[in-house]
Amino acid sequence: MSWPILVFDIESIPDVAGLRAVRGAAADASDAQVYADWVQERQDRGQSDFMPLHLQRVLVISCVFRNAEGLRVHSFVDRDNASEGKVIQNFFSAVDKHVPQLVSWNGGGFDLPVLHYRGLRHGVVADRYWCMGEEGGADSREFKYNNYIGRYHMRHLDLMDLLAMYQPKNNAPLDAMAKLCGFPGKLGMDGSQVYPAFLDGKLDEIRRYCETDVMNTYLLYCRFQKMRCGFTEAEYEQEIAMVKATLADLAPAEPHWQEYLGAWA
């Protein structure tokens, strides 16, 4: 394995203000009514009420960051309901600063396209992330053949996409694969419950749910590294023990890690 590694996952909610602008909704219509009208129209046409990616407002980006100094869990959160651009900028600034191995589960199919659209919306700058080797300079050749954007490059590893051999019909859910490998899987809620939880003011619960999801992804990445001989058996066991010890240290301040460790046991 090459460090640093940044595993990420996002939680998003419908961008009702954007939906209002796109649809030209009446100024006196409430957000709830604008959203309900859109959902009803979709249902009438036999379509899903899953919001298009460009209208997914980023609420939380949770990260597991692993380098030679250890492992950290951090979340960028839109706490004032007005800082989506700052949240996305902070994430891409971290990528530009550390130039890590990015790891996700379905990041190419959901998380990154959402971050691209919303970053464009807010004027986010991400120099190194968008480098594809055409800019010249010392990194030009390196990024030409291994960049964050290429689906078959490894600088961003969408673990689900790779394991499915890039065939969407083969995709497996994170929760199921985590549990099959002996990890806790999802705790607290699932993606369909995020928007109702947001409306109920449960932002910290959403953040905790996102953090446990990104930890599941990191653990599956470790299992993948063992499978491809990036870890020996002993190194894998040592890494898992380190993860458990790190979470045990976090548990007194963040009880969801105590729940996570309990489910793991």
Undergrad: Would you check if Phe198 and Arg57 make a side-chain contact, meaning some heavy-atom pair closer than 4.5 Å?
TA: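 The answer is yes; the side chains approach within 4.5 Å.
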Undergrad: Identify the heavy atoms of Asp96 and Asp127 that sit nearest to each other, and give their distance.
TA: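 Between these two residues, the closest heavy atoms are OD2-N, 2.8 Å.
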Undergrad: Could you tell me if the side chain of Met215 sits less than 4.5 Å from the side chain of Phe183, heavy atoms only?
TA: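 Heavy-atom side-chain distance check fails, nothing below 4.5 Å.
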Undergrad: Is the shortest heavy-atom distance from the side chain of Glu254 to the side chain of Arg208 under 4.5 Å?
TA: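 With C-beta onward as the side chain, the pair touches.
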Undergrad: Is there a donor-acceptor pair under 3.5 Å between the side chain of Asp9 and the backbone N or O of Asp213?
TA: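 No, because the side chain of Asp9 does not come within donor-acceptor range (under 3.5 Å) of the backbone of Asp213.
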Undergrad: Taking Arg72 for its side chain and Phe65 for its backbone only, find out whether a donor-acceptor pair lies under 3.5 Å.
TA: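 No.
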Undergrad: Tell me the closest heavy-atom pair linking Val124 and Gly85, and the distance in Å.
TA: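 Result for this residue pair: CG2-O, 3.8 Å.
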Undergrad: Counting distance only, does the side-chain N/O of Gln56 pair as donor-acceptor with the main-chain N or O of Met51 below 3.5 Å?
TA: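 Yes; at least one donor-acceptor contact below 3.5 Å.
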Undergrad: Taking Arg42 for the side chain and Ser48 for the main chain, is one N or O donor matched with an acceptor at less than 3.5 Å?
TA: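 Present.
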Undergrad: Quick check: are there more than 12 heavy atoms from other residues, nucleotides or ligands sitting under 6.0 Å from CD of Glu41?
TA: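 It does: Glu41 CD has more than 12 such atoms within range.
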Undergrad: Take a 6.0 Å sphere around OH of Tyr117 and say whether it holds more than 12 heavy atoms from other residues, nucleotides or ligands.
TA: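 For Tyr117, atom OH is not crowded (no more than 12 foreign heavy atoms under 6.0 Å).
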Undergrad: Between the side chains of Tyr35 and Asp15, does any donor sit under 3.5 Å from an acceptor?
TA: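 Judged by distance alone, the side chains do not pair up.
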Undergrad: OH of Tyr218 to CZ of Arg223: how many Å apart, nearest 0.5 Å?
TA: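 Between Tyr218 OH and Arg223 CZ, I get 13.5 Å after rounding to 0.5 Å.
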Undergrad: Check step by step if side chain to side chain contact (heavy atoms under 4.5 Å, CB included) holds for Tyr221 and Asn216.
TA: CA-CA 9 Å; Tyr221 175 70; Asn216 286 322; over 6 Å; no
Undergrad: I'd like to know if the side chain of Ser83 and the backbone of Arg79 have a donor-acceptor N/O pair within less than 3.5 Å.
TA: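 No, the answer is negative, given that no donor and acceptor are paired below the 3.5 Å cut-off.
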Undergrad: Go through it in stages, so that I can follow the logic: the residues are Ile206 and Met189, the test is side chain to side chain contact (heavy atoms under 4.5 Å, CB included), and I'd like the CA-CA distance, side-chain angles, deciding distance and then a yes or no.
TA: CA-CA 8 Å; Ile206 297 169; Met189 66 178 73; 4.3 Å; yes
Undergrad: In terms of ring plane angle, is the pair Tyr152 and Tyr166 parallel, tilted or perpendicular, where the classes change at 30° and 60°?
TA: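 Perpendicular, since the angle between the ring planes exceeds 60°.
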Undergrad: Over all heavy atoms of both residues, which pair between Ala172 and Met160 is shortest? Give the atoms and the distance, please.
TA: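 Closest heavy-atom pair between Ala172 and Met160: O-SD, 3.5 Å.
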Undergrad: Please determine which of Glu233, Glu239, Glu235, Glu237 meets the salt bridge (charged side-chain N to carboxylate O under 4.0 Å, His left out) test together with Lys226.
TA: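 Among Glu233, Glu239, Glu235, Glu237, the one that satisfies the salt bridge (charged side-chain N to carboxylate O under 4.0 Å, His left out) with Lys226 is Glu233.
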Undergrad: Is a side-chain N or O of Asp200 found less than 3.5 angstrom from the main chain of Lys202, in a donor-acceptor match?
TA: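 It does not hold such a pair.
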Undergrad: Which label fits Phe91 and Phe8: parallel for a plane angle under 30°, tilted from 30 to 60°, or perpendicular past 60°?
TA: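 Phe91 and Phe8: tilted rings.
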Undergrad: Supply the atom-to-atom distance Trp130 CH2 to Phe92 CZ, rounded to the nearest 0.5 angstrom.
TA: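 Separation between the atoms: 7.0 Å.
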Undergrad: Strictly by modelled atom types, are His122 and Gln89 linked by a side-chain donor-acceptor pair under 3.5 Å?
TA: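 Judged by distance alone, the side chains do not pair up.
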Undergrad: With a 4.5 Å heavy-atom cut-off, do Tyr209 and His256 have their side chains touching?
TA: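 Tyr209 does not reach His256 side chain to side chain.
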Undergrad: Kindly assign one of parallel, tilted or perpendicular to the pair Tyr148 and Tyr129, based on the angle between their ring planes and the thresholds 30° and 60°.
TA: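 Ring orientation of Tyr148 relative to Tyr129: parallel.
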Undergrad: Could you walk me through whether Gln101 and Leu157 pass the side chain to side chain contact (heavy atoms under 4.5 Å, CB included) test, one step at a time?
TA: CA-CA 8 Å; Gln101 162 79 70; Leu157 172 60; 3.6 Å; yes
Undergrad: If you round to the nearest 0.5 Å, how far is CG of Leu102 from CG of Leu112?
TA: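 The CG atom of Leu102 is 7.0 Å from CG of Leu112, to the nearest 0.5 Å.
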Undergrad: Answer whether the closest heavy-atom distance between the side chains of Arg23 and Asp37 falls below 4.5 Å.
TA: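 Sidechains of Asp37 and Arg23: in contact.
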Undergrad: Got a donor-acceptor contact below 3.5 angstrom from the Asn146 side chain to the Met154 backbone?
TA: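 Yes; at least one donor-acceptor contact below 3.5 Å.
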Undergrad: Does CZ in Arg121 sit with more than 12 non-hydrogen atoms of other residues, nucleotides or ligands closer than 6.0 Å?
TA: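 Atom CZ in Arg121 is not crowded, with 12 or fewer foreign heavy atoms closer than 6.0 Å.
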Undergrad: Measure the shortest side-chain to side-chain distance between Asn67 and Ile5 over non-hydrogen atoms and say whether it is less than 4.5 angstrom.
TA: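 Not touching, per the 4.5 Å side-chain cut-off.
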Undergrad: Output yes when a side-chain donor or acceptor of Asp49 lies under 3.5 Å from a complementary backbone atom of Val39, and no otherwise.
TA: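 Between the backbone of Val39 and the side chain of Asp49 there is no qualifying donor-acceptor contact (under 3.5 Å).
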Undergrad: Which heavy atom of Gly107 sits nearest a heavy atom of Pro113, and at what distance?
TA: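 Answer, listing the atom of Gly107 first, then Pro113: O-CD, 3.4 Å.
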Undergrad: Ignoring hydrogens and angles, state whether a donor on the side chain of Ser104 or His156 is under 3.5 Å from an acceptor on the partner side chain.
TA: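 Yes, side-chain donor-acceptor contact under 3.5 Å.
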Undergrad: Can you find a pair of side-chain heavy atoms, one from Arg118 and one from Glu84, that are under 4.5 Å apart?
TA: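 A side-chain contact under 4.5 Å exists here.
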Undergrad: Apply ring-ring contact (aromatic ring centres under 6.0 Å, His included) to residues Trp3 and His98 and explain how you reach the verdict.
TA: CA-CA 10 Å; Trp3 291 336; His98 298 287; over 10 Å; no
Undergrad: Does any N or O in the side chain of Asp31 come within less than 3.5 Å of the main-chain N or O of Val16, such that one atom is a donor and the other an acceptor?
TA: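 Judged by distance alone, no pair lies under 3.5 Å.
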Undergrad: Quick one: does any side-chain atom of Asp78 pair with a main-chain N or O of Ala82 as donor and acceptor, under 3.5 Å?
TA: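 Yes.
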Undergrad: Report the distance from atom OG of Ser75 to atom CD of Glu11, rounding to the nearest 0.5 Å.
TA: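 Atom-to-atom, Ser75:OG and Glu11:CD are 10.0 Å apart.
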Undergrad: Around atom CD of Glu69, are there more than 12 heavy atoms of other residues, nucleotides or ligands at under 6.0 Å?
TA: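 No, the 6.0 Å shell around CD holds no more than 12 heavy atoms from other groups.
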Undergrad: From Met177 CE over to Leu220 CG, what is the distance, rounded to the nearest 0.5 angstrom?
TA: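 Going from CE on Met177 over to CG on Leu220, the span is 6.5 Å.
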Undergrad: Looking only at the side chains, is there a donor atom on one of Arg128 and Asn147 sitting less than 3.5 Å from an acceptor on the other?
TA: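 Checked: Arg128/Asn147 side chains show no N/O donor-acceptor pair below 3.5 Å.
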Undergrad: Please give me the minimum heavy-atom distance between Pro52 and Trp38, naming the atom from each residue.
TA: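 Closest heavy-atom pair between Pro52 and Trp38: CD-CZ2, 3.8 Å.
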Undergrad: So do the side chains of Leu59 and Val77 get within less than 4.5 Å of each other, counting heavy atoms only?
TA: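 No, their side chains stay 4.5 Å or more apart.
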